Number of protein chains: 2
Amino acid sequence: MALEHALLVALSERPAAGLELAHRFDRSIGFFWSATHQQIYKVLRRMETDGWVTAETVLQTGRPEKREYTVTDVGHQALADWISTTTPRAGFRSEIAVKMRAASYGDRGALLANIAELIADHRVRQGHYEAMAARDYPDPDQLTGQPLDTYLVLRGGILQETFWIAWLTEYLEAHA
Amino acid sequence: MALEHALLVALSERPAAGLELAHRFDRSIGFFWSATHQQIYKVLRRMETDGWVTAETVLQTGRPEKREYTVTDVGHQALADWISTTTPRAGFRSEIAVKMRAASYGDRGALLANIAELIADHRVRQGHYEAMAARDYPDPDQLTGQPLDTYLVLRGGILQETFWIAWLTEYLEAHA
DNA sequence: GGCACGTGTGCAACTAGTTGCATAGGGGTC
DNA sequence: GACCCCTATGCAACTAGTTGCACACGTGCC
């Protein structure tokens, strides 16, 4: 269960309120661990009762007030403890893989069209990640510590998209 | 929601009981859509009430009786309909990615050890898939229809493992 | 003035999946 | 005989996450 730990990482970088975290998730961390704002609110409340974070109500001008969360020492310790636990290999779950295998029981043309769309989608996303990498990390060899880690996770996104494009293209071409 | 459709594919290939499906999932389809036997039993019951499958109690000698499921016409139609729906891009969720990004807040050594284990694990799995491919599909260029699809899904597994090995190795080497 | 949209938090109901356990017989082994 | 593992099905309780909606206020547009 990693959402609370992903939130601890985000909040360690900078304290924030629920909706702001949801937006940050949409833009960076969430590429690798997505969450809706409802889920984020729910988990933040639990983290608060567990003493991992403290909340402070912040009044804003021309906007509703927000609850800004800050990581406590307990929270930092929980994050450090979690990092030391071993994570097993992630299961690979792919709906499109099930459809590929099922294709002879239905409309293969529809599936091939779906796959063509997915390839376009993955190409866009890969381009997006590569643009981010080029903009934010023009000289990756010089990186250390946290920026290096963030860069390497972004690299994972790029490699992941490369995998999808390769596989889906292989399927399309085998059925061309 | 693809488990019921994965089960329809498995049952279309050959009727089976719940536990047998769980074992088959462990060996092939489940590499791409895993499920515990409890979840499989639950879903099979729902599929039965929805009229997608019919169940027949089979008496065995020296073993408990089993409920063997067979796909109905309604079930085949449900599968065909599902294949024609479009699946969106799958979200990439990786606990190890969260840890990579969090590494500077905890024990990096422990994480690097975890990653080294994962690389070994992925190599074993990749070798397993490649052995399956070599044994069952010695001449992939000649394949058509369903065997081709099964082969291409297996190829997806191999490519996926290649991605993991490449990414995790890149992380390890950047922190060597 | 009305409407859409954005900020901000949150509830309620649901779905999917996990974890732990129960039951009940058969076979092997020490 | 006690113990463990395998086949086979399943319940109960829980966790994680999704979907849809509500409310309250502010800003901009036409």
Side-chain angles (χ1 to χ4, degrees), chain A residues 1-8 11 15-27 29-30 32-50 53 55-69 82 87-95 98, chain B residues 1-8 11 15-27 29-30 32-50 53 55-69 82 87-95 98:
Chain A
M1 182 192 31
L3 179 55
E4 35 225 299
H5 299 101
L7 290 171
L8 283 177
L11 290 174
L19 199 62
E20 198 192 324
L21 283 167
H23 290 319
R24 265 206 251 167
F25 263 58
D26 283 346
R27 288 194 318 269
I29 311 165
F32 316 104
W33 200 276
S34 66
T36 59
H37 69 97
Q38 288 90 342
Q39 186 64 11
I40 289 172
Y41 282 124
K42 224 183 272 183
V43 171
L44 283 172
R45 287 284 178 178
R46 185 171 63 222
M47 290 166 74
E48 195 186 353
T49 60
D50 290 349
V53 293
E56 197 194 344
T57 301
V58 177
L59 295 165
Q60 305 178 103
T61 50
R63 286 182 176 187
E65 57 183 38
K66 62 177 179 181
R67 285 170 58 80
E68 196 163 81
Y69 290 92
W82 177 71
T87 37
R89 183 178 38 75
F92 172 40
R93 284 208 143 190
S94 165
E95 196 168 301
V98 178
Chain B
M1 182 193 31
L3 180 54
E4 35 226 296
H5 299 102
L7 290 171
L8 283 178
L11 291 174
L19 200 62
E20 198 192 323
L21 283 167
H23 291 318
R24 265 206 251 166
F25 264 58
D26 283 345
R27 289 194 317 269
I29 311 164
F32 316 104
W33 200 276
S34 66
T36 59
H37 70 95
Q38 287 90 340
Q39 185 64 11
I40 289 171
Y41 282 124
K42 222 182 274 183
V43 171
L44 283 172
R45 287 283 178 180
R46 185 169 63 223
M47 289 166 76
E48 195 187 351
T49 61
D50 290 349
V53 293
E56 197 193 344
T57 302
V58 177
L59 294 165
Q60 302 179 105
T61 51
R63 286 183 177 186
E65 57 183 39
K66 62 178 180 180
R67 285 171 59 80
E68 196 164 79
Y69 290 91
W82 176 71
T87 37
R89 184 177 37 74
F92 173 39
R93 285 206 144 193
S94 166
E95 196 169 298
V98 178

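Just so we're on the same page: letters track the sequence lines, and every chain starts at 1. These numbers were taken from a predicted model, which means no experiment stands behind them.
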Residues forming a side-chain contact (heavy atoms from CB on, under 4.5 Å) with [X], sequence neighbours excluded:
X	result
Glu65(B)	Thr57(B), Leu59(B)
Lys42(B)	Gln39(B)
Glu20(B)	Arg14(B), Ala16(B), Arg24(B), Lys66(B)
Phe32(B)	Phe92(A), Ala97(A), Val153(B)

Review item, nucleotides 23-27 of chain C N/O atoms under 3.5 Å of protein N/O:
none

Quiz item: Can you tell me how far C1' of dT7(D) sits from CG of Leu21(B), to the nearest Å?
Solution: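 Interatomic distance, CG of Leu21(B) to C1' of dT7(D): 15 Å.
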Whole-Å distance, Leu19(A) CG to dC5(C) P, equals 17 Å
Hits for salt bridge (charged side-chain N to carboxylate O under 4.0 Å, His left out) against Arg93(B), two or more places apart or cross-chain, chain-then-number order -> none
Sorted by chain and residue number, the salt bridge (charged side-chain N to carboxylate O under 4.0 Å, His left out) partners of Arg89(A) (sequence neighbours excluded) come out as Asp121(B)
Listing time: all N or O pairs from protein to nucleotides 18-20 of chain D that are below 3.5 Å?
{"residue": "dT18(D)", "atom": "O4", "partner": "Lys42(A)", "partner atom": "NZ", "Å": "2.8"}
{"residue": "dG20(D)", "atom": "O6", "partner": "Gln38(A)", "partner atom": "NE2", "Å": "3.2"}

Is any NZ, NE, NH1 or NH2 atom of the basic residue among Glu4(B) and Arg46(B) found under 4.0 Å from an Asp or Glu carboxylate oxygen of the other?
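Judged by the 4.0 Å cut-off on N to carboxylate O distance, Glu4(B) and Arg46(B) do form a salt bridge.
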| field | Residues that Trp33(A) engages under ring-ring contact (aromatic ring centres under 6.0 Å, His included), provided they are two or more places apart | value |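 For Trp33(A), no residue satisfies ring-ring contact (aromatic ring centres under 6.0 Å, His included) once neighbours in sequence are set aside.
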